[in-house]
Number of protein chains: 2
Amino acid sequence: MTTRSREDVVQAAGRLFAARGFHGTSMRDLGDELGLLGSSLYSHVESKEQLLIEVVQRGAALFQALADSVAASDRPPAEKVAALVRGHVDIITSNQEQSATFLNEARFLPADGRTAIVILRDRYEETFREVIAEGVARGAFRDQNPALASILVLSVLNALTRWYRRSGAQSPEEIADAMVAFVMDGLQ
Amino acid sequence: MTTRSREDVVQAAGRLFAARGFHGTSMRDLGDELGLLGSSLYSHVESKEQLLIEVVQRGAALFQALADSVAASDRPPAEKVAALVRGHVDIITSNQEQSATFLNEARFLPADGRTAIVILRDRYEETFREVIAEGVARGAFRDQNPALASILVLSVLNALTRWYRRSGAQSPEEIADAMVAFVMDGLQ
DNA sequence: CCCCGACGAACGAACGATTGTTCGTTAGCC
DNA sequence: GGCTAACGAACAATCGTTCGTTCGTCGGGG
């Protein structure tokens with residue numbers, strides 16, 4: 001029997017928190033998942049709460065990196081939206097449990113950690129809003145409320161954590177293609 | 001102090017399950033919400049699980065009624081989609097907590113109740129799929145995979161449980177208008 | 001080359017708190 | 001005066017966490 005690392009524990013937490021919810025997962029459940037006792041996890045991690053913080057922060061970092069990279073690029077708004085959609089789909093299909101925990105369980109963070117995550121999430125949404133607003137200003141998209149439009153686009157994207165199955169009928173590329181088509185037509 | 005009814009308990013459960021999650025809500029929390037002790041709730045309800053079943057089933061019934069009514073109507077596909085979107089928005093904005101519990105907490109139902117709900121949810125999605133397929137067949141919508149398209153439309157609609165605020169900037173009618181426009185253009 | 005000491009991982013019992021639920025008792029309305 | 005909602009103590013189970021102990025491995029000195 002090999003010994004487990006902190007990394008193993010964080011990954012198992014991402015998996016179980018996504019599947020059963022934070023409050024539906026006990027430290028003993030987490031131990032079972034790794035072939036350990038619940039108490040043994042405290043060799044690797046300070047608390048259950050800290051485990052949630054770590055999973056959620058990693059999820060947030062993935063999306064933040066995408067937003068920063070696209071925002072910094074010098075491309076027309078339509079291409080930026082397409083890049084955001086494809087990048088978002090790629091993050092979720094490659095890190096589904098982590099993304100699901102980030103999106104669904106962040107509300108169970110302690111107050112201070114939660115506000116930090118809300119700020120990150122707002123900043124991510126702001127990137128979408130600004131790109132859409134730029135597209136409207138340039139006439140690439142029809143006249144519409146960018147705040148509302150960005151919410152609708154993110155609705156389509158975030159729901160992917162709920163229905164994507166690695167063994168499903170559609171490949172990540174097909175999903176991304178369909179979402180780009182749907183979203184671009186919805187904006188234009 | 002007035003006495004509480006079973007209805008009061010179910011409604012409070014819908015509220016708290018939506019806000020804190022099923023596993024994050026204790027019977028004593030629910031009692032507090034109603035000015036009662038946790039144990040007093042058992043005068044009205046058999047178990048915490050039964051309470052979840054009841055909230056989720058009510059949520060499912062609302063959406064099922066909408067789907068049945070629209071499916072039975074004799075209108076072109078584009079109008080049916082618009083009616084589904086507007087009806088869906090109306091249900092969520094009028095019953096936000098119940099809808100949120102239905103969509104987010106149904107996975108914590110006991111196995112038998114869960115499969116029953118999954119069947120209802122599949123049937124609801126099937127209504128969308130059929131209407132879209134009909135629209136594609138008649139040339140009202142562009143050629144696309146109706147299964148995937150129905151998921152994308154429902155993604156936009158269901159996310160409303162997460163961001164709608166009665167005191168928010170957009171009225172339910174404005175939201176419905178924006179969603180109809182977004183979805184119809186995404187399909188056409 | 002072997003042994004030994006050290007160190008971290010894992011154990012397992014135990015803690016106090018909280019969970020869902022039961023039940024005998026009390027109190028308020030028709 | 002009876003019915004029932006509500007109380008409040010109590011239950012077994014489970015929760016997150018602590019802690020003293022055991023196990024396994026790895027590096028250095030004889």
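Every heavy atom of this structure was used, including side-chain atoms; hydrogens, water molecules and symmetry mates were not. If you're wondering where the values come from, they're calculated on a predicted model, not measured in any experiment. Labels below follow one simple rule: chain letters A, B, ... track the order of the sequence lines, proteins then strands, and each chain is numbered from 1.
One atom, CG of A/Asp32, and another, P of C/dG12, lie 13 Å apart when rounded to the nearest Å. Taking atom CG on B/Leu52 and atom P on C/dG20, their separation rounds to 12 Å, with Å as the unit. Look at CG on A/Leu34: it is 13 Å from C1' on C/dA9, rounded to the nearest Å. Atom P of nucleotide D/dA5 and atom CG of B/Leu41 are separated by 12 Å, given to the nearest angstrom. Summarising the geometry, the separation between CG on B/Leu30 and P on C/dT21 is reported as 11 Å, rounded to the nearest angstrom. Between the C1' atom of C/dA10 and the NE2 atom of A/His44 lies a distance of 8 Å, rounded to the nearest Å.
The ring pair (Phe, Tyr, Trp, His ring centres under 6.0 Å) pairs that include a residue from residues 31-61 of chain A number zero, where partners must be two or more places apart or lie in different chains.
Scored by the side chain to side chain donor-acceptor pair (under 3.5 Å) test, B/Gln96 finds no partners at all (sequence neighbours excluded). A/Asp32 meets the side chain to side chain donor-acceptor pair (under 3.5 Å) test with no other residue; sequence neighbours excluded. For B/Asn104, the side chain to side chain donor-acceptor pair (under 3.5 Å) criterion is met by A/Arg162, not counting sequence neighbours. Evaluation of the ring-ring contact (aromatic ring centres under 6.0 Å, His included) rule for B/Phe63 yields B/His88, B/Phe102, B/Tyr124 as partners, not counting sequence neighbours.
Using a 4.0 Å cut-off between charged side-chain N and carboxylate O, A/Arg123 and A/Glu130 make no salt bridge.
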If you restrict it to nitrogen or oxygen atoms, what contacts under 3.5 Å exist between nucleotides 14-18 of chain D and the protein, and what is each distance?
unit_1 : atom_1 : unit_2  : atom_2 : d
D/dG16 : OP1    : A/Thr25 : O      : 3.4
D/dG16 : OP1    : A/Lys48 : NZ     : 2.6
D/dG16 : OP2    : A/Met27 : N      : 2.9
D/dG16 : N7     : A/Arg28 : NH1    : 2.9
D/dG16 : O6     : A/Arg28 : NH2    : 3.0
D/dT17 : OP2    : A/Tyr42 : OH     : 2.5
D/dT17 : OP2    : A/Lys48 : N      : 2.9
D/dT17 : O5'    : A/Tyr42 : OH     : 3.1
D/dT17 : O4     : A/Arg28 : NH2    : 3.2

